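Letters go in sequence order (proteins before strands), and every chain restarts at 1. Just so it is clear, the values below take in all heavy atoms, side chains as well, and ignore hydrogens, waters and symmetry mates. If you're wondering where the values come from, they're calculated on a predicted model, not measured in any experiment.
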Amino acid sequence: QKEVEQDPGPLSVPEGAIVSLNCTYSNSAFQYFMWYRQYSRKGPELLMYTYSSGNKEDGRFTAQVDKSSKYISLFIRDSQPSDSATYLCAIKAAGNKLTFGGGTRVLVKP
Amino acid sequence: DVKVTQSSRYLVKRTGEKVFLECVQDMDHENMFWYRQDPGLGLRLIYFSYDVKMKEKGDIPEGYSVSREKKERFSLILESASTNQTSMYLCASRQPLGGAGQPQHFGDGTRLSIL
């Protein structure tokens, strides 16, 4: 079993819809939770970074962490075609090593 | 903004060649990382470096080595390239501040093909 599981998609939604992405993890030592967005032929760019259970909002993006269920989510409101990308969750315990999910490909159709 | 620059976007090499991938960051970050990214496998850590001349193996170091002679530069070396090392290689850097440290920032990757 992988340490971090993420549905690969693709997830196709119409423009304006809410995109809902999630990851599950198995290691209760994980404390820090990140979401990266990766456009085709580009490196991942950091979207959200949180280290506590609950919600964190940044513009159209909301990251949600439920440590008791070992479940994290990313919601994108009012999705745009420019949100079409692969979204990677990344989680770590104390220390340097990040563990990535496999990524979910999202396609927002105009 | 953090800038992580990888020297080549695309590279084609032959089996058995020694291959060098270069990465430079401009934010004086102490930590630097090399990953490879493959479909269905996600990002896997090859090596990372805490600071100049310091390195530590990641999850898949076999067939690779690294060099960090200066703080801003981290090189990945394929000692004798093989076809199973065809992949996207990503470099990242990070400043370990505040206990947990800051998140990693990535370059745009080098797509390496070994023929």
Disulfide bond (SG atoms under 2.5 Å apart) contacts in which one or both residues fall within residues 11-104 of chain A, not counting sequence neighbours: C23(A)-C89(A)
Test item: S8(B) side-chain N/O and Y10(B) main-chain N/O as donor-acceptor pair under 3.5 Å: no
Contact leader toward chain B among K97(A), E45(A), Q31(A), where contacts are heavy-atom pairs under 4.5 Å: K97(A)
Heavy-atom proximity to chain A below 4.5 Å, by part of Q37(B): side chain
Side chain to side chain contact (heavy atoms under 4.5 Å, CB included) partner of I72(A), the single match among N22(A), D66(A), I91(A), T50(A): I91(A)
Residues of residues 34-44 of chain A within contact distance of chain B, non-hydrogen under 4.5 Å: M34(A), Y36(A), Q38(A), R41(A), K42(A), G43(A), P44(A)
Atom CZ of residue position R14(B) - does it have more than 12 heavy atoms of other residues, nucleotides or ligands inside 6.0 Å? no
Examine distances only and state if a side-chain atom of Q80(A) and a backbone atom of D78(A) form a donor-acceptor pair shorter than 3.5 Å. yes
By a 4.5 Å heavy-atom criterion (distance strictly below it), what part of L45(B) contacts chain A: side chain, backbone, both, or neither? side chain
Heavy-atom neighbours of R44(B) CZ exceed 12 at 6.0 Å: yes
Using non-hydrogen atoms and a limit below 4.5 Å, what part of residues 56-92 of chain B faces chain A? D59(B), L90(B)
T62(A) (side chain) donor-acceptor with E57(A) (main chain) under 3.5 angstrom: no
Looking at residues at least two apart in the chain, or sitting in another chain, which of them share a side chain to side chain donor-acceptor pair (under 3.5 Å) with T104(A)? Q6(A)
For a 4.5 angstrom cut-off between non-hydrogen side-chain atoms, does S93(B) reach M27(B)? no
Look at the side chain of Q6(B) and the backbone N and O of G109(B), then say whether any donor-acceptor pair between them is shorter than 3.5 Å. yes
Using non-hydrogen atoms only, which part of R9(B) is less than 4.5 Å away from chain A: side chain, backbone, both, or neither? side chain
Counting N and O atoms only, with roles assigned by atom type, does the side chain of N31(B) sit under 3.5 Å from a partner on the main chain of Q95(B), one being a donor and the other an acceptor? no
